K.L.:
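Starting off with a structure, shown below.
What you see is a predicted model; the values in this text were computed from it and never measured.
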Amino acid sequence: MQAEELEEAFEEEAIQPLGRPAPRDLPPSILLSAGYDGRAEKAFLRLYEPSSQQIYIWYDNTGHLPYCISKRSPEELRRNEKLLSHQGFLTLEPIERYDALRDEKIRVTKIVASNPLAIGGQGKSGIRNLIDESWESYIRYYQNYIYDMGLIPGMPYRVEDGKLVEVEYELPEDVKERLSLLVEDEEAEFREQILEWARLLQHPVPHIRRASIDIEVQMTQADRVPNPEEALQPIIAVSSVSSEGLRRVFLLAEEGMEEDIIEGAEVEIFHDEKDLIQEAFRLLDEYPVILTFNGDDFDLRYLRRRGQRLGFSQDEIPITLGRKFAYLRNGVHIDLYRFFLNRAIQVYAFSDRYRENTLDDVASSLIGKRKLQLDFSTSSRMEVARYCLQDALITYELTAFDDDLVMKLMVLLSRISRMTLEDVTRQGVSRWILTLMEYEHRRRGWLIPNKEDILALKGETATKAIIKGRKYLGAMVKEPKAGIHFDVTVLDFASLYPSAIKNWNLSYETILCPHPEDRANIIPGTPHWACRRRRGLTSLIIGSLRDLRVKWYKPLSRDRRLSKEERVFYDVVQRALKVILNASYGVFGAETFSFYCPPLAESTAAIGRYAMTQTLEASEKLGIEVIYGDTDSIFLEQPREEQILELMEWSRKNLGVELDIDKVYRYVVFSRRKKNYVGVSQDGSVDIKGLTGKKRHIPPIIKEAFLQLTRILSGIRRPEDVEGAKEAIRELVERVYNRLRNREFELEELAFRVMLGRSLSSYETNPQHVKAAKMLQEQGISLGVGDIISYVVTQGGVKPVRLASKRDVDVEKYIEYLESMFEQVLEAFEMDLDQIIGRPRMKTLQSFFQR
DNA sequence: AGCTTTGGCGACGAGT
DNA sequence: ACTCGTCGCCAA
C-alpha cells in the first residue's frame, strides 16, 4: 500500500475546517459533525453554539488513534509480512473482550495505527483485508472516533480544560418519576436504558441557523441537464433563503436585460460570473447548515467544478466532493433530496403523503407550495431569478414548516442513530440501526461480531415462505368476509414486531443461545429457542424505544393539557421513533445488514402470527365477529364497547402488547381479495386500500374516474341513497366513455407511468414499459434504473408518450381498463356495472336469452 | 451508488 | 385456451 493511495482514499475527508476554534470556555454547543483535517492530520469536531449561532471547531488533543480488532494473537499477526509493511500501523496489543455470540470472554488483539490515514475503508485501502477474521474495523476514522469518544451527535457539549464534556441534562424529577413508574415492572437494565433514551430525546433541539441554496445554469438545449462534472455552461443565478428571513438572488447580467425588483428579496446583479460565484462561496461559508435539494449531485458539484474552471484555487472553494456527496469546509450540507428519498422517512414520518421525489411533489404535499413554471428557452433573466428564488424558498421551508419539524426530526434521528447530521440524512435505516448497535457494543466493551460468525452459529431459516423466492414465512392475512359491513372497529397492535423482539428477548446473541437449559423456551411456530439468562442487546434497545414511544411520546403528543409547542415536539420524537422501530425487524432479514440473522427475523414474524391467531381465537370466545385481519390489525364488525375493552385487556395480559383502536368506520366494503378494501369513516373520509384505481402507474384519466367513483360511493349513507349513486355512476362512466371514444383527451392523461426496476438489458421478459423504454433508447434517450417510463397503449402494442399521437391510442383497450377497475369496486358493493349502465351482460348464456 | 421484510393483487408475456 | 412466471405496486 503506497502512501499516495492512502492519501487518495482519504481525499474526501482531508478538508481544512474554517469555523473559529473552540475557546476554553465554550458555552453548551451541539455536536453537529466531525471531519478530518488532512494538513493537521487530526480529527476535528464541528460544534454549533446556539446563542451566537456560530460553528466552532474543536481539535482532538487526546492523541486518540484508530484501531481494529483481530481474533488472532499478536504473535500470529507478527508473522504477516504484508501487515507489518502496511504504512502507518504500529502496535499490537493483546486485550480481553466479551463475545456475546458465544457468551464468553476471549483474548483478541487490538491493532493500533500510528497514522490516522492507515485504517481506512474496508476495500483495498483498508487494513481489514490484511487480517482474516477481523471483528471490528474502521470505516471512517473520524466517524468512529466520535463513537469511541463516547460522543453523541446532536447532543450538547462544553469545552473544559481542553476536553469535551457532555452538558448534563437532568431530567426533571417528575418526568423521571413518571417514566420510572411506566416501566416499574421491568428489570434494572431495562429501566436504565429507558432513562438513557429519555435523556437524549427530552433534551430540546435548539433552533439552527441555516440557509438554502439553489443555482441555475445557462441552458444550451432545452431538455438537456447540464453536466456538473464538466460545468461548461455559466451559472446565471444563485438564490438563497435563510432562517433569518433573508432572501437573496445573485444574478448574472445579460445584454439588454431589464432590471426589475422581486418583492421581499434582494437581487444583486453581477457582470462577471466569477464575482457571482465568489459571493456564493462566501454564503456557503457563512452558515452552520446549508440546505439544498439535490446539491450532492448537482448544485454544489456544479459550483465547485465551475469554480475550478474559472480559476479559483483549492483554498478558495468551500466545497469538498466525495464520489457521491458534497461537503462543506465550515458547516454541514444537508441534501433534502436524499433525505426525502429515504423510504422510511417517506412512509413512516410523512405517511406516504408525497409519492414522487421531486421538489415540486414533496413541497406541494408537505407545505402546499409549488415550483414556478418556466420555459428556459424563452424566459427572461428576471424570470429565471424568480424561478430560482422560489426553489430556494421551498427548499428552506421544507425544513421550517410546523416549527422546524424536519430539522428537529433530523437532529433526533442523529441522536438515536449516533450518526452525524450529514450521514443520517444521506443513509438508509439499515445504516442507522447498524451504527446504533455498534455504538452500544463499544460502550459495553463487547466485540462486534462478523456477519459470517453470526450466520455460522445461528444458521438459516426453518420455515417456508408462501411466496417463492422469499426466505421465511411472514405475516398472516385473514380472508376477508366479502360484502358491505357497517360499524366496523379496527384494532391494531402497538408496534407488534418491536413488541415481539422485546417480550421474547430476541437478539442475534439470545436466539439459539448456547445454554442447554434455554432450549425448552421455544418460539411458537418455529424450532428456535430464545435465551432466558441474559437480556439480548437488540431486545433491550428496541424494546426500550418501543416502550418510550407507546407509553410516553405517543400519549404526550395527544395530551390536550400540554401546550401546542410541547405536543408538536413530542410528535416529532414519536415519529422519529416510529421510523427506527418499523425498520428494526426487517434489517435482521436483510443479507446486506451486518447483524444479519435469519432465525431472528423469522422468529419475529412467527410471534406476530402467533399474536394474530391467538387474538382471533380470543375474539371468537368473546363473541366478536372478526371480518378481516392483516399482520397486526383486526377488523371487528359491530363490536360492543365492553367486548372491545375485554379484548384489549386480554391482549395486554396474555400477549404483553397493547391493542389500540386505530379506526372506526361507518362502513367497510370488502371484495374477496386480501389487502383490498374501502372504508368510510364517521366524518365521511374515505380510506382506499390496495385497489388498482389508486396505484401510481395507472393513467390519470382512469385514476380520476376512480376518485369520482369513490366520492359517489362515500356519499351513500342510507339504503335509499343507492339508486341515486347508481345514476351518478352511470353518468360518470358515460362521460369517460365519450371522452375516450371522441378522443377528447391529452395524451398524458392516458399514460401509464411505470418505473424501470432494473437495467434494460437485465429483463427476463419484455413487459410493456420495457418495450416503450427500448423505443426511447433507440431515439438516443438514455435510461437508467429508477426512471419512470410514460407510455400509452396502441393498436397492437405500446408507444412512449413522447413518440405517440392521439391517433395511435387503442381506445377500446382503455375502456376495458376502466371497466375492470370499476368492477373491482362495484363488485364489493354488490353492484354490477353492466346493469348500472343498462347494458346486457353477454358473459352468460342466461343473460344472452334474457336479452 | 444507494438496498428493512413478507404477503397479495392485476396485468402481461411466454410457453404448452 | 390454459397455466405459470415475471414485473411493479401496494398493505402491513
Side-chain angles (χ1 to χ4, degrees), chain A residues 296-297 322-325 335 337-338 341-344 347-348 352 355 357 423 426-434 461 463-480 490 492-493 495-497 579-593 595-598 600-602 604-606 608-609 612 628-634 662 671-677 687-698 752-758 762-771 784-786 788-789 793 797-798 813 816-817 820-821 823-824:
Chain A
D296 276 340
D297 279 341
R323 260 212 310 276
K324 206 56 204 169
F325 308 135
D335 185 342
Y337 170 73
R338 293 204 114 79
L341 188 66
N342 189 322
R343 282 288 298 166
V347 177
Y348 299 124
D352 241 336
R355 305 293 289 276
N357 303 299
D423 289 341
R426 283 174 174 81
Q427 302 189 330
V429 276
S430 68
R431 275 275 165 199
W432 302 350
I433 294 169
L434 173 65
T461 54
T463 57
K464 202 167 169 301
I466 288 174
I467 295 176
K468 211 189 93 195
R470 309 257 152 119
K471 286 171 288 206
Y472 56 89
L473 191 56
M476 197 186 118
V477 189
K478 186 183 150 48
E479 201 76 42
V490 184
D492 70 352
F493 291 111
S495 297
L496 179 63
Y497 288 159
V579 174
I580 301 260
L581 288 172
N582 277 319
S584 64
Y585 136 77
V587 291
F588 289 99
E591 283 107 329
T592 46
F593 184 58
F595 294 97
Y596 176 51
C597 186
L600 173 50
E602 181 179 36
T604 312
R609 289 194 303 276
M612 174 68 96
Y628 181 59
D630 185 348
T631 312
D632 63 352
S633 69
I634 53 168
D662 180 37
S671 63
R672 277 178 303 277
R673 299 165 194 83
K674 295 172 174 181
K675 298 185 189 280
N676 267 269
Y677 63 85
D687 283 341
I688 303 159
K689 300 290 181 176
L691 298 183
T692 308
K694 170 187 180 189
K695 294 190 174 176
R696 195 179 56 112
H697 66 284
I698 294 298
F752 286 89
R753 293 161 39 81
V754 180
M755 195 171 66
L756 226 42
R758 47 176 73 192
S762 65
Y763 279 92
E764 284 182 48
T765 53
N766 199 10
Q768 295 186 320
H769 68 293
V770 174
K771 279 183 191 152
V785 177
I788 289 174
I789 311 296
V793 177
V798 296
K813 195 76 197 163
E816 273 178 42
Y817 292 136
S820 119
M821 182 207 75
E823 273 160 4
Q824 209 187 94

K.L.:
Ignoring hydrogens and geometry, is there a side-chain-to-backbone donor-acceptor pair from A:Thr463 to A:Leu473 under 3.5 Å?
P.N.:
yes
K.L.:
Within the structure shown, what part of the strands sits under 4.0 Å from A:Tyr763 by heavy-atom distance: base, sugar-phosphate, or nothing?
P.N.:
sugar-phosphate
K.L.:
Contact class for A:Tyr817 vs. all strands (heavy atom < 4.0 Å): base, sugar-phosphate, or nothing?
P.N.:
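Contact class for A:Tyr817: sugar-phosphate only.
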K.L.:
To the nearest Å, give me how far apart CD (A:Gln824) and P (B:dC9) are.
P.N.:
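Atom CD in A:Gln824 sits about 10 Å away from atom P in B:dC9.
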K.L.:
For nucleotides 13-16 of chain B, print each protein N/O atom paired with a nucleotide N/O atom at under 3.5 Å, atom names and distance only.
P.N.:
residue: B:dG13; atom: OP1; partner: A:Lys771; partner atom: NZ; Å: 2.7

K.L.:
Classify the nucleic acid contact of A:Arg426 as base, sugar-phosphate or nothing, counting any heavy atom under 4.0 Å across all strands shown.
P.N.:
nothing
K.L.:
Side-chain contact test, heavy atoms from C-beta onward, threshold under 4.5 Å: evaluate it for A:Val579 versus A:Trp432 and give yes or no.
P.N.:
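Yes - at least one pair of side-chain heavy atoms lies under 4.5 Å apart.
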K.L.:
Is there a donor-acceptor contact under 3.5 Å from the side chain of A:Thr461 to the main chain of A:Lys471?
P.N.:
yes
K.L.:
Walk me through it: do A:Tyr628 and A:Val477 pass the test side chain to side chain contact (heavy atoms under 4.5 Å, CB included)?
P.N.:
CA-CA 8 Å; A:Tyr628 181 59; A:Val477 189; 3.8 Å; yes
K.L.:
A:Arg338 CZ to B:dC3 C1': how many Å, rounded?
P.N.:
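For the pair A:Arg338 CZ and B:dC3 C1', the rounded distance is 13 Å.
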K.L.:
Before you tell me yes or no, could you show the steps for A:His769 and A:His697 under side chain to side chain contact (heavy atoms under 4.5 Å, CB included), namely the whole-Å CA-CA distance, both residues' side-chain angles and the distance that decides it to 0.1 Å?
P.N.:
CA-CA 10 Å; A:His769 68 293; A:His697 66 284; over 6 Å; no
K.L.:
If you walk 5' to 3' along DNA chain C, what is the first nucleotide with an atom under 4.0 Å of a heavy atom in chain A, and what is the last?
P.N.:
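The contact span of chain A on DNA chain C goes from C:dT6 to C:dA12.
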K.L.:
So what does A:Ile688 touch, heavy atoms closer than 4.0 Å: a base, only the sugar-phosphate, or nothing?
P.N.:
sugar-phosphate
K.L.:
Reckon A:Arg609 touches a base, only the sugar-phosphate, or nothing at all at heavy-atom distances under 4.0 Å?
P.N.:
nothing
K.L.:
What's the CZ-P distance between A:Arg696 and B:dG10, to the nearest Å?
P.N.:
19 Å
K.L.:
Each nucleotide N or O in nucleotides 4-7 of chain B that has a protein N or O under 3.5 Å away: list the pair and distance.
P.N.:
residue: B:dT4; atom: OP2; partner: A:Ser430; partner atom: OG; Å: 2.9
residue: B:dT6; atom: OP1; partner: A:Lys471; partner atom: N; Å: 3.2
residue: B:dT6; atom: O3'; partner: A:Tyr472; partner atom: O; Å: 3.4
residue: B:dT6; atom: O3'; partner: A:Gly474; partner atom: N; Å: 2.9
residue: B:dG7; atom: OP1; partner: A:Ile466; partner atom: N; Å: 3.3
residue: B:dG7; atom: OP1; partner: A:Gly474; partner atom: N; Å: 2.9
residue: B:dG7; atom: OP2; partner: A:Ile466; partner atom: N; Å: 3.4
residue: B:dG7; atom: OP2; partner: A:Ile467; partner atom: N; Å: 3.3
residue: B:dG7; atom: N7; partner: A:Arg470; partner atom: NH1; Å: 2.6

K.L.:
Sub-3.5 Å donor-acceptor pair from the side chain of A:Gln824 to the main-chain atoms of A:Thr692, do we have one?
P.N.:
yes
K.L.:
Separation of A:Phe752 atom CZ from B:dG10 atom C1', in whole Å?
P.N.:
11 Å
K.L.:
Look at all strands and tell whether A:Lys695 reaches a base, only sugar-phosphate, or nothing, counting heavy atoms closer than 4.0 Å.
P.N.:
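If one applies the 4.0 Å heavy-atom cut-off, A:Lys695 turns out to touch a base.
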K.L.:
Is A:Asp296 paired with A:Arg338 through a side-chain N to carboxylate O contact shorter than 4.0 Å?
P.N.:
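A salt bridge is present here (some side-chain N lies under 4.0 Å from a carboxylate O).
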K.L.:
Just to be sure I understand the rule, does A:Asp492 reach a base, reach only the sugar-phosphate, or reach nothing, if contact means heavy atoms closer than 4.0 Å?
P.N.:
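Contact class for A:Asp492: none.
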K.L.:
State plainly whether the residues A:Asp630 and A:Lys674 are in salt-bridge range, i.e. N to O under 4.0 Å.
P.N.:
no
K.L.:
Whole angstroms only, please: what is the CG-P distance between A:Leu434 and B:dG2?
P.N.:
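The answer, rounded to whole Å, is 13 Å.
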K.L.:
Tell me if the aromatic rings of A:Phe588 and A:Tyr497 count as close, with their centers under 6.0 Å from one another.
P.N.:
no
K.L.:
NA contact type, A:Phe595, heavy-atom cut-off 4.0 Å: base, sugar-phosphate, or nothing?
P.N.:
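Counting heavy atoms under 4.0 Å across all strands, no contact is made by A:Phe595.
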K.L.:
A side-chain contact here means heavy atoms from C-beta on lying under 4.5 Å apart; do A:Met612 and A:Ile634 qualify?
P.N.:
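Side-chain contact under 4.5 Å: yes.
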K.L.:
Between atom NZ in A:Lys694 and atom P in B:dC9, what is the gap in whole Å?
P.N.:
16 Å
K.L.:
If I compare all heavy atoms of A:Tyr817 with all of A:Val793, which pair ends up nearest, and what's the gap?
P.N.:
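Nearest heavy atoms, A:Tyr817 then A:Val793: OH-CG2, 3.7 Å.
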K.L.:
Separation of A:Leu691 atom CG from B:dG8 atom C1', in whole Å?
P.N.:
13 Å
K.L.:
Would you check, one step at a time, whether the test side chain to side chain contact (heavy atoms under 4.5 Å, CB included) holds for A:Arg426 with A:Phe325?
P.N.:
CA-CA 9 Å; A:Arg426 283 174 174 81; A:Phe325 308 135; 3.5 Å; yes
